[in-house]
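What follows is a short report on a single structure.
So that the names make sense, note that chain A is the first sequence line, chain B the second, and so on, each numbered from 1. All of these numbers come straight from a predicted model, not from anything done at the bench.
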Amino acid sequence: MEIADFLAPRIHIVCGKGGVGKTTVSAALALVAARAGYKVCVAEIDHKGSLPRLFGASEPSYEPSELSPGVWALNVMPEDALAEYLEVQYHMKRVSKVLTSTHFTDYITTAAPGLKDILVLGKIWYLEQNRAPGGRRYDFDTIIVDAPAAGHMITFLAAPMGLADAVQVGPVKRQADWLIEMLTNPARSIAHLVTLPEEMPVAETLETSQKLDDELGVSQGVTFANGVYQDSLSDEHLALLTKPSSLQSCADSVGLRLDKEDFDALNGYASFLEARSAIQAKHLRVLAKSATRPIVRLPHLFGSGLTLPDIETLADEIEGKLQEL
Amino acid sequence: MNPIQRITATKQIIVCAGAGGVGKTTTAAAIALRAASEGKKVAVLTIDPARRLASSLGLKELDNVPTKVNRRKFTAAGVEAEGELHAMMLDTKTTFDEVVYRYAPSPQQADRIIANRFYRNISGTLSGTQEYMALEKLYELHVTGDYDLIVIDTPPTRNALDFLDAPRRLTGFLESRVLRWFLLPYMKAGSGFMRVANVAATTFLRVVKRIVGGAVLEDTAEFFVNLEGMYDGFKERARAVQALLQSDLTSFVVVTSPTEESVAEAVYFAQRLNEARLPFGAVVVNRVHPKYGDGIGARTRQISKLRAQEGDGALLADLLDNESAFMRVVRREERNLRALASKVPRHRWVRVPYLEQEAVDFRGLVAVSDQLFDTGGGPSRN
């Protein structure tokens, strides 16, 4: 698949259980897009701003800011989205502090559950439509949505349908229909699932994928299996480990001294890798057997914590794997 | 004695807190399992819809009332079952309904609240409700006196601190004078004041009506009218729960992984517990990579020479690469844990190594509990 085809829908929704690396994958996808010359914006939803930190930037705001050339980000908080909605729809700029207070937002979003999600999706729609307060134009080519954790994700994406059912007429009904069209039109939006090769994340991913198909009609791109140990060892490696004298003579040939502790370390980490890889392989088989979309494996990174070079590596990996699809 | 042993021996309530995905539920279940095997009657209350936990305990599903785990599960895994282990999963809506029935002046009023649409939304979506009901359930179980120990995990919030603030957020919302004052025109009891509602209130109502519709406003007003007279009960109970959590019957266990972000959050959380005068008991550091040796430290040049060799040399190069990759992870974790040690003394920690099997069944939980209760063979600090 060509990168341009992959990026044809402008909205990419990155979904997955908490802790599987959605933000990391969102950042890597943003680099893929930016390298292809697209102006990209990552929308974090109600997050703590871990994405800008990856790029060495400070806290994100509701206003998009440029993190690195071509890569922008914003943090969509429902309170801000509500304020913007009121301003755009009802020209109510700062009617009262009350309107954006926590209790008010809590009230509104409790009175009409799903409204919070609608407001957030509405902001994505504004970005896609290239509208922003004060008539600013950002002209983003690609919008990456770092979606809420899986449990909430389905209700998040289903919110416009709920609202369209509840409200039969009027502007709110019309707006809900716009959002449904945005989410279910494969030319506009596509969802990618992120998982880890572990039991619960795989089970939840398969469930989420099914729901996206059956209940939401949101089209799916690829499933990213994150943190996969790459260099599994062969039987030959393991056989060599049982022959310390052969190991020692190899080491001697390059002037490396190996003592008892070093042999134990080589053994210990080889067996740790084998054990963890075997567990991963089991879950990857389950995933491969039931997944209905292509699976892109992303390597486990041994770097010094997640930093920009790690994201670059993942972006390389994604580019390569997409072209193989 | 390690801190988990000490807490389990002396406390009646253990709250496992931490960010999502660090292993809170598994930790809670493993602590409960060990305490039960050693003779206590234990209830583990989980908030996560953890189907895996249910099946690993041999239960079809977890319910809003504790279900006893079959003794055979223990014996099959080769551990004693001198006490009893009961497990349950919080059902927020049912628990809230019970609370409403308890505090409503009459069953009819409770019925009206429970049938109200705004109420139904609150129990499903208002943030803070789940946390509040978790504590409510914990308190209920405690006052029955049926259990020697109750272990609870906390809701999977993105930010562990939400848990501490949530109950106040819910009661604050229900009690919000501002909201009720704004809703006056819709409250039948207050219809006399309707005409004097000020400009802000009118604007508020106009906006809300446009966004959510008039029917919703009526539901809400009805809800708040019916809630009158129940606040004292709520507040009284909230105070009692707070007092129980602050008492020396309770201990908080902060669960973390050895990543930088997670450790920073755990430290902050421990500090917040202190500020809130909630008894901090221990940190559990989950999934710590094993450490073998101090690093072989093969040079890049040596490894590339080996790689250039045919056969065994290239194989050794792979093994050395693998060793140095894991050593980088180990060093990074050590650095993160040094940061933890500067804030939380080491005798308050327990490390659980990254096990070579997963804790997906009863045996897996037993393996985790062995690690949690391990005195490590190292020097005991107490």
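For Ser271(A), the parts sitting under 4.5 Å from any heavy atom of chain B are the backbone and the side chain alike. With a 4.5 angstrom heavy-atom cutoff, Tyr354(B) touches chain A via backbone and side-chain atoms both. Heavy-atom distances place both the backbone and the side chain of Ala251(A) under 4.5 Å from chain B. No part of Ile303(B) comes within reach of chain A, as not one of its non-hydrogen atoms sits under 4.5 angstrom from that chain.
We find the NZ-CG distance between Lys305(B) and Leu256(A) to be 11.0 Å, quoted to the nearest 0.5 Å. The line from SG of Cys250(A) to CD of Gln309(B) is 6.0 Å long, rounded to the nearest 0.5 Å. To the nearest 0.5 Å, the span separating CG on Leu319(B) from CG on Leu241(A) amounts to 4.5 Å.
Using modelled atom types, no side-chain atom of Glu236(A) and backbone atom of Leu315(B) make a donor-acceptor pair closer than 3.5 Å. Side-chain atoms of Asp312(B) never come within 3.5 Å of backbone atoms of Leu247(A) as a donor-acceptor pair (strictly under, hydrogens ignored).
Closest heavy-atom contact between Gly255(A) and Gln302(B): O-NE2, 3.2 Å.
Taking the ring centroids of Tyr292(B) and Phe272(A), they lie at or beyond the 6.0 Å cut-off.
The salt bridge (Lys or Arg N to Asp or Glu O under 4.0 Å) pairs that include a residue from residues 238-263 of chain A are Lys260(A)-Asp264(A), where partners are two or more places apart or lie in different chains.
Between chain B and the options Ala265(A), Ala203(A), Ala270(A), Ala278(A), the largest number of non-hydrogen pairs under 4.5 Å is found for Ala265(A). Options Gly313(B), Pro290(B), Gly293(B), Ala298(B) differ in how many heavy-atom pairs under 4.5 Å they form with chain A, and the most are formed by Pro290(B).
Between Val254(A) and Arg301(B), the closest side-chain pair of non-hydrogen atoms is not below 4.5 Å.
For Phe263(A), there are no ring pair (Phe, Tyr, Trp, His ring centres under 6.0 Å) partners, not counting sequence neighbours.
Between Phe326(B) and Tyr269(A), the angle of the ring planes stays under 30°, which puts this pair in the parallel group of the 30/60° scheme.
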* Are Leu266(A) and Leu316(B) close enough, and set up right, to give a side-chain contact (heavy atoms from CB on, under 4.5 Å), and what steps lead you there? -> CA-CA 9 Å; Leu266(A) 289 176; Leu316(B) 175 59; 4.0 Å; yes
